[in-house]
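Notes follow once the structure below has been shown.
Computed from a predicted structure; not experimentally measured.
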Amino acid sequence: MADGAEMDEEAMRAFFPLSFGKAAPRPSSATSSAHSNTLRKPQNPSNPKPSASTAADDDGAAMIGPPRPPPAPAGEEDDEDGGGIMIGPPRPPPPSARGEGDDGDGMIGPPRPPPADDEDVDDDEDDDEEEMEDDGEGGFNRIPLSNEIVLRGHNKVVSALAVDHTGSRVLSGSYDYTVRMYDFQGMNSKLQSFRQLEPFEGHQVRSLSWSPTSDRFLCVTGSAQAKIYDRDGLTLGEFVKGDMYIRDLKNTKGHISGLTGGEWNPKSKETILTSSEDGSMRLWDVSDFTSQKQVIKPKLVRPMRIPVTSCAWDHEGKRIVGGIGDGSIQVWTIKAGWGSRPDIHVEKTHTEDITGVKFSTDGQSLLSRSMDSTLKIWDLRRMKTPLKVFEDLPNHYAETNAAFSSDEQLIFTGTSIEKDGDNGGLLCFFDRKKLELVSRVGISAHYSVIRCLWHPRINQVFATVGDKKEGGTHILYDPSISQRGALVCVGRAPRKKSVDDFEVQPVIHNPHALPLFRDQPSRKRQREKILKDPLKSHKPEAPVNGPGFGGRVGTTKGSLLTQYLLKVV
């Protein structure tokens with residue numbers, strides 16, 4: 001009998017999942033407390049209205065124990081035993097209500113769900129869509145905004161940002177001439193960088209870009225030469241500088257003025273693109289730092305040098321876009337026999353410098369951000385007029401960009417602080433299809449937002465801020481929808497010193513520091529000063545010297561008239 005019971009139990013358990021009867025794993029308290037410390041806004045628990053079952057007693061005392069059952073309605077029939085309150089589960093409905101079959105047998109098991117009408121299904125879907133739109137700030141619930149951490153360390157505004165494709169390593173460049181490297185896998189809750197670089201002394205960092213394999217990165221500064229570093233921050237090479245006395249830019253070996261931007265080809269790990277204030281864009285081969293592959297000169301109304309303020313590749317690495325200082329946007333397609341003549345040329349797109357351009361993944365849309373406080377969305381198939389112009393977006397930095405979300409349904413950019421304005425640095429999110437504002441997220445009350453990025457793999461939003469005294473990188477994430485990245489290092493506390501830790505304090509012996517062995521200071525100046533003083537040097541009086549006669553100083557051979565008269569008288 002016992003064996004039969006065990007077999008029945010095993011057979012019954014086969015119908016249930018393996019996790020049946022086991023407690024669900026709970027997140028560790030350390031991780032939960034770490035995420036609670038990084039919350040952007042405290043969540044106030046909702047207080048539902050008291051119902052009849054949760055209300056207090058008539059005498060005003062607090063209810064103790066489980067809630068009382070609701071009172072029976074007036075029309076309900078009393079129980080057969082005396083009209084008392086029903087105890088236990090309700091009785092099953094009569095056979096007529098349960099829907100007997102034609103054979104008259106009772107239904108076994110739970111009742112079947114009622115057939116769903118097509119109209120009801122459509123209504124439910126519409127309700128679900130409305131709930132999705134209503135959830136979250138600004139009508140979208142897919143923006144990770146619940147938690148925030150800040151990577152600090154720079155002394156001025158952070159003007160460059162790059163995150164590798166795995167989302168494990170972050171680069172930030174600043175106006176303080178340095179580049180800081182952060183590694184989520186090696187950081188703890190102190191969020192300190194593991195390496196600091198100074199690519200070019202006295203030149204601001206303008207742009208940073210990872211290679212497609214994330215083994216190297218490009219660093220563009222205010223100098224005329226871009227540098228290549230490996231993943232650990234070791235210098236691999238520096239591109240050559242051109243001759244500034246050569247008039248034709250195509251005959252120079254490199255840029256002759258400060259760089260404004262640069263980006264690695266997303267498909268080719270050997271090709272990079274740079275733009276400069278000398279009015280040219282150049283393609284470089286990373287394997288050869290002494291020569292360039294191609295010189296691109298923008299199309300201008302008059303022959304002069306107008307700086308190229310921004311540049312970018314498309315997702316396939318086959319097209320190049322440049323923002324020109326005269327307000328035009330020009331696009332080149334890389335093909336056999338291509339030259340400096342642009343395939344797309346739109347004049348007067350912005351009234352001031354274009355600080356950022358960005359292709360969409362499908363290659364149909366283009367974003368342009370400018371210092372004229374606007375963000376424009378362009379259709380590359382019809383470039384005569386923009387699809388939409390978003391205004392009132394202050395921009396005071398030449399590195400401010402615009403970016404797409406991970407699914408490219410949203411467009412967002414940062415704003416700068418104005419002297420007379422009340423708003424701080426914001427991240428403004430726009431719907432790409434509806435072309436309307438979705439949300440405004442306050443990043444900093446005192447600092448401007450320059451660079452922004454939404455990493456698709458870890459689903460986290462990066463935004464750089466700063467001013468003349470301090471700079472940092474804000475990382476927005478949500479533990480429920482984000483992966484790795486900031487989640488890895490936030491819950492990792494720094495190592496605490498143990499009682500058994502022992503560190504030898506070395507004793508430094510310096511015998512020459514003792515007065516006994518100390519060298520006597522030089523007294524040459526003191527002796528010279530004493531010799532010049534007649535009293536301290538006891539110098540004897542100098543003998544009287546000068547003209548004289550007969551061994552007497554001060555007499556002459558002749559006599560004065562008065563002496564002659566005295567002798568005669």
Side-chain angles (χ1 to χ4, degrees), residues 207 209 249-250 259-268 271-284 292-372 374-390 395 398 400-404 408 411 413 430 432-433 435:
S207 178
S209 178
L249 295 176
K250 286 191 175 182
L259 302 177
T260 58
E263 188 174 346
W264 210 298
N265 191 315
K267 298 298 182 180
S268 174
T271 306
I272 67 169
L273 169 68
T274 57
S275 60
S276 172
E277 296 174 353
D278 60 8
S280 68
M281 302 166 60
R282 299 173 191 259
L283 297 179
W284 302 84
Q292 58 204 2
K293 296 175 60 176
Q294 180 77 18
V295 181
I296 307 169
K297 295 174 63 176
K299 181 180 179 181
L300 303 175
V301 179
R302 297 178 181 177
M304 58 176 57
R305 290 185 179 179
I306 296 179
V308 181
T309 57
S310 58
C311 63
W313 292 92
D314 71 338
H315 186 67
E316 298 297 329
K318 297 181 179 180
R319 285 189 294 181
I320 297 171
V321 61
I324 317 302
D326 59 358
S328 64
I329 295 178
Q330 302 183 24
V331 180
W332 293 265
T333 301
I334 299 178
K335 53 189 176 182
W338 72 288
S340 295
R341 187 177 183 84
D343 298 317
I344 299 176
H345 179 207
V346 184
E347 297 180 353
K348 299 179 181 180
T349 57
H350 292 275
T351 58
E352 296 188 22
D353 290 346
I354 301 172
T355 60
V357 286
K358 179 70 174 179
F359 280 103
S360 61
T361 304
D362 55 11
Q364 297 181 359
S365 299
L366 178 68
L367 305 180
S368 64
R369 185 76 165 96
S370 174
M371 298 185 73
D372 59 3
T374 61
L375 168 64
K376 295 186 179 182
I377 305 176
W378 304 83
D379 189 349
L380 292 172
R381 297 165 293 185
R382 297 182 298 272
M383 284 287 292
K384 292 184 178 180
T385 57
L387 294 177
K388 182 67 175 179
V389 179
F390 297 103
N395 179 14
T400 304
N401 69 328
F404 290 94
E408 294 205 350
I411 299 168
T413 184
F430 306 93
R432 181 182 176 185
K433 294 182 178 180
L435 299 178

Flag for [Y]-[X]: side-chain donor and acceptor within less than 3.5 Å:
{"X": "Ser328", "Y": "Lys348", "value": "no"}
{"X": "Trp378", "Y": "Ser368", "value": "yes"}
{"X": "Ser365", "Y": "Asp379", "value": "no"}
{"X": "Glu263", "Y": "Ser209", "value": "no"}
{"X": "Thr260", "Y": "Thr309", "value": "no"}

**Report entry** Pairing residues for Ala398 by the side-chain contact (heavy atoms from CB on, under 4.5 Å) criterion, not counting sequence neighbours
**Finding:**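 If we apply the side-chain contact (heavy atoms from CB on, under 4.5 Å) test to Ala398, skipping adjacent residues, there are no hits.
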| query | Under the side-chain contact (heavy atoms from CB on, under 4.5 Å) test, which residues partner Ser310, sequence neighbours left out? | reply |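 Listed in chain order: Ile354, Val357.
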Would you give the length of the straight line joining atom [atom1] of [X] to atom [atom2] of [Y], rounded to the nearest 0.5 angstrom?
{"X": "Leu435", "Y": "Ile377", "atom1": "CG", "atom2": "CD1", "value": "5.0 Å"}
{"X": "Ile329", "Y": "Ile344", "atom1": "CD1", "atom2": "CD1", "value": "10.0 Å"}
{"X": "Gln294", "Y": "Ile320", "atom1": "CD", "atom2": "CD1", "value": "8.5 Å"}
{"X": "Leu273", "Y": "Leu283", "atom1": "CG", "atom2": "CG", "value": "5.5 Å"}
{"X": "Leu249", "Y": "Lys297", "atom1": "CG", "atom2": "NZ", "value": "5.5 Å"}
{"X": "Lys433", "Y": "Ile411", "atom1": "NZ", "atom2": "CD1", "value": "12.0 Å"}

Taking every non-hydrogen atom, the tightest pair across [X] and [Y]:
{"X": "Phe359", "Y": "Trp313", "answer": "CD1-O, 3.4 Å"}
{"X": "Pro342", "Y": "Gln330", "answer": "CG-OE1, 3.5 Å"}
{"X": "Val308", "Y": "Ser280", "answer": "CG2-N, 4.0 Å"}
{"X": "Arg369", "Y": "Thr374", "answer": "NH1-O, 3.3 Å"}

For this session: Please list all pairs passing the salt bridge (charged side-chain N to carboxylate O under 4.0 Å, His left out) test where one or both residues lie in residues 309-323, with sequence neighbours left out.
Result: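 Non-adjacent pairs meeting salt bridge (charged side-chain N to carboxylate O under 4.0 Å, His left out): Asp314-Arg319.
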**Study point:** Residue pairs, two or more places apart or on separate chains, that pass salt bridge (charged side-chain N to carboxylate O under 4.0 Å, His left out) and touch residues 350-366
**Key:**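 Checked against salt bridge (charged side-chain N to carboxylate O under 4.0 Å, His left out) - neighbours excluded - the pairs reaching residues 350-366 are Asp362-Arg432.
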Check whether any side-chain N or O of [X] sits under 3.5 Å from a backbone N or O of [Y] as a donor-acceptor pair, and report yes or no.
{"X": "Thr274", "Y": "Gly262", "answer": "no"}
{"X": "Asn395", "Y": "Ser370", "answer": "yes"}
{"X": "Asp372", "Y": "Thr351", "answer": "yes"}

Checklist entry - Who pairs with Trp264 by ring-ring contact (aromatic ring centres under 6.0 Å, His included), at least two apart in sequence or on another chain? => result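 Here no residue qualifies.
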Who are the ring-ring contact (aromatic ring centres under 6.0 Å, His included) partners of Phe430, not counting sequence neighbours?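 Only Phe390 meet the ring-ring contact (aromatic ring centres under 6.0 Å, His included) criterion with Phe430.
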